[in-house]
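As C-alpha cells, the structure follows; a few thoughts come after it.
Residues: numbered from 1 along the sequence shown. For clarity, every value in this text was computed on a predicted model and none was experimentally measured.
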Amino acid sequence: MSEVIDLDGVLVSAFVANLFLALLTLALIRWCFGRLNLWRFFWNPPLAQFGLLVCLLGLYTWLM
C-alpha cells in the first residue's frame, strides 16, 4: 500500500486507513465478546480493548 491515499483530491495518510480498519475489527470483536459474555474473563476490559486496538493497528500497518 502506498503511504498516501487520494480520495477525490484529499490526501489521507495510509495510517488513518489502517486505524479505521483496526477500529472496525475491534468493534466486531467487542460485539462478539459481548454476545458470548467473554469480557467477564478479563480483569480490566477497557485495557484489554486498548491492547487489542494497538495490536490490530500494528498488524494492519505491517501487512499493508
Side-chain angles (χ1 to χ4, degrees):
M1 181 178 251
S2 65
E3 294 182 19
V4 176
I5 300 170
D6 185 14
L7 297 173
D8 291 331
V10 177
L11 299 177
V12 178
S13 174
F15 183 78
V16 175
N18 291 338
L19 179 63
F20 178 72
L21 188 59
L23 285 171
L24 214 72
T25 307
L26 182 64
L28 180 66
I29 290 171
R30 287 181 63 187
W31 181 79
C32 290
F33 273 41
R35 293 285 285 165
L36 298 173
N37 198 19
L38 295 177
W39 289 120
R40 61 190 163 104
F41 295 116
F42 290 92
W43 171 67
N44 192 351
L47 185 62
Q49 292 173 15
F50 180 71
L52 277 171
L53 177 65
V54 169
C55 290
L56 287 170
L57 182 59
L59 178 69
Y60 290 139
T61 303
W62 180 62
L63 288 177
M64 295 186 188

Who clusters with [X]? Use side-chain heavy atoms, under 4.5 angstrom, across I, L, V, M, F, W and Y, and order the result by chain and number.
X: Phe20; value: Leu24
X: Trp43; value: none
X: Val54; value: Phe50

Which pairs of donor and acceptor atoms, one on a side chain in residues 57-64, lie under 3.5 Å apart (sequence neighbours left out)?
residue : atom : partner : partner atom : Å
Tyr60   : OH   : Thr25   : OG1          : 2.8
Thr61   : OG1  : Leu57   : O            : 2.7

Side chain to side chain donor-acceptor pair (under 3.5 Å) filter on Ser13, not counting sequence neighbours, yields none
The reported gap from CD in Gln49 to CZ in Phe42 (rounded to nearest 0.5 angstrom) is 9.0 Å
Rounded to the nearest 0.5 angstrom, the CG-CG distance for Leu56 and Leu19 is 11.0 Å
field: Arg35, CZ atom: more than 12 neighbouring heavy atoms under 6.0 Å
entry: no
side-chain contact (heavy atoms from CB on, under 4.5 Å) filter on Leu47, not counting sequence neighbours, yields Asn44
I'd like to know if Leu36 and Trp31 are part of one continuous hydrophobic network [Ile/Leu/Val/Met/Phe/Trp/Tyr, side-chain heavy atoms within less than 4.5 Å]. no
On a heavy-atom basis, the closest approach of Trp39 and Gly34 is NE1-N, 3.8 Å
